[in-house]
Amino acid sequence: MQNLIYFFARFGNFILFLFLEIICFFLIIKFNSGQRDIFINSSGFYSGKMFESLNAIKRYSGLISTSDSVAEENARLRAQLRFATIDASYRRDSIVDTVFKTRYSFISAEVINNSINQPDNFITVNKGRRFGVQPGMGVINDQGIVGIVRKVSENYSTIASVLNSQTKVSAAIRRNRYFGSLSWDGKSPESLILSDIPKYIEIRQGDTVITSGFSATFPQGIMLGTVAKVGFDQGSSFYHLGVKLSNNLSKLNYVYIILDKSRNEIDSLTRATIEQ
Amino acid sequence: MNALVAKNSFRFIFLILLQGLVLMSITLDYSYFSYMNIIVYPLAIMLLPVRTPKTLIIFLSFALGILLDFFYNSPGVHAATCVFMGFIRPYILSWIEPRGGYSVDSTPTMRQFGFKWVFIYTCIFMGLHLFLLFSIQQFTFVYIGRIFIKTVMSFSVSVIFIMVYLLIFNPEE
């Protein structure tokens, strides 16, 4: 007891000082938006740097599998080059080709922070506003879909991965083109739920699920997964399909952020239509 | 004793109103002069009697900062700075202690310690206060250049204002 009194007599002012400073900093972070952003943003400066250096180690240990997948992707892309295909379809003249203008371009980014076991999972990558990344852009890698860009800072951005309760993707069955909405129920990082597909359509186990291309976020035809479980919603007229994700999100290294050049046009057109 | 409390309370309120209603809204819109803030309210802490209990100084500083934050609409920024200055004031005073030491009823004023001593005290106190204030305002040392410009610009003008204040009112305690 005596020691305690002695302790307070000696350090009481310092403790009071620390206590009040903590209150002040709490107030600062709570009520000043600028300081709060600096403090919170995981794509901010210091945490970004920290994640980056941590990831440098992780990346080094995964170099072999990364180079394998890069090589695979190279081979596949080479197969799509003009000299690798036989062009028999159309005659090239001096016509200005307005039909096949590039709509999508891709920004390659490196994953510096990732999680798969939270209720809402986020991924941080090392490309930000400076490279043209904007919130709402889709993100894929060579195996399929990854997520949607949520927040963007100067050099980093955070992505709400498909394993996030707020991420909804418009998906379609490749065989018959019927489309529904793909979301995550928060259970297993390998399975997603595809809903809104009417019951009268025939769905088989093993059907391939791809992006529908109806939103301006993802182009049509990106691999999502396969139907693993066919179920029904109680009391509704829709399927409740379990989809096995084709992409292994626990082993992400590089991703591509999709830049849709028509996005603004489509968005403003849609908005104008709805408002009318 | 009561007169001392009354005088300090009056100064406390007067400085808050002076800072929050008048000096806060003075800004110059010309190149580097826009970084200039006139800050005189730390005087309320600086001029407390030397024998004021440390705990009371810290509490008063917190109150001063929070009240200023209401005017500046920046909850916590001024308070955090003031609490730190209140905590460190005894150390500054013992650092620049004059040869004769402090007596029981010493107050850091010109009448008791002379112009030069008060000027040094003001410079140390305001330099620390302003640097801390602008650091907390920016909240990151990425903008260290801007913090320094703001500190230097505000420091010069604030010290002038404080010295003028002290010369005009010339408080004895």
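Just so you know, these numbers use all the heavy atoms, side chains as well, and skip hydrogens, waters and symmetry mates. Chain A is the first sequence line, chain B the second, and so forth, proteins listed ahead of strands; every chain is numbered from 1. Keep in mind that what you see is a predicted model, and the values were worked out from it rather than measured.
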Where does [X] contact chain B at under 4.5 Å (heavy atoms): side chain, backbone, both or neither?
X	answer
A:Ile22	neither
A:Phe14	both
A:Phe25	side chain

Residue, of [options], that accumulates the most heavy atom pairs under 4.5 Å with chain A:
options	value
B:Phe62, B:Phe139, B:Phe59, B:Phe84	B:Phe139
B:Ala80, B:Ala79, B:Pro75	B:Pro75
B:Ile57, B:Ile58, B:Asn73	B:Ile58

Under 4.5 Å to a heavy atom of chain A? For B:Ile66 that would be side chain

Do A:Lys127's NZ or CZ and the ring of A:Phe131 fall within the cation-pi criteria of under 6.0 Å and 45°?
yes

* Within 45° cone and under 6.0 Å: B:Arg11 NZ/CZ vs B:Phe14 ring -> no

Checking A:Ile123, A:Ile159, A:Thr158 against A:Arg150 for side-chain contact (heavy atoms from CB on, under 4.5 Å), the one that qualifies is A:Thr158

- prompt: Any sub-3.5 Å donor-acceptor pair from B:Ser156's side-chain atoms to B:Val152's backbone N or O?
  reply: yes

| query | Is the B:Tyr165-B:Phe161 ring centre distance short of 6.0 angstrom? | reply |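 Aromatic pair excluded; centres sit 6.0 Å or further apart.
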
ask   = A:Phe106 and A:Leu259: side chain to side chain contact (heavy atoms under 4.5 Å, CB included), yes or no, with the steps?
value = CA-CA 6 Å; A:Phe106 298 86; A:Leu259 231 150; over 6 Å; no

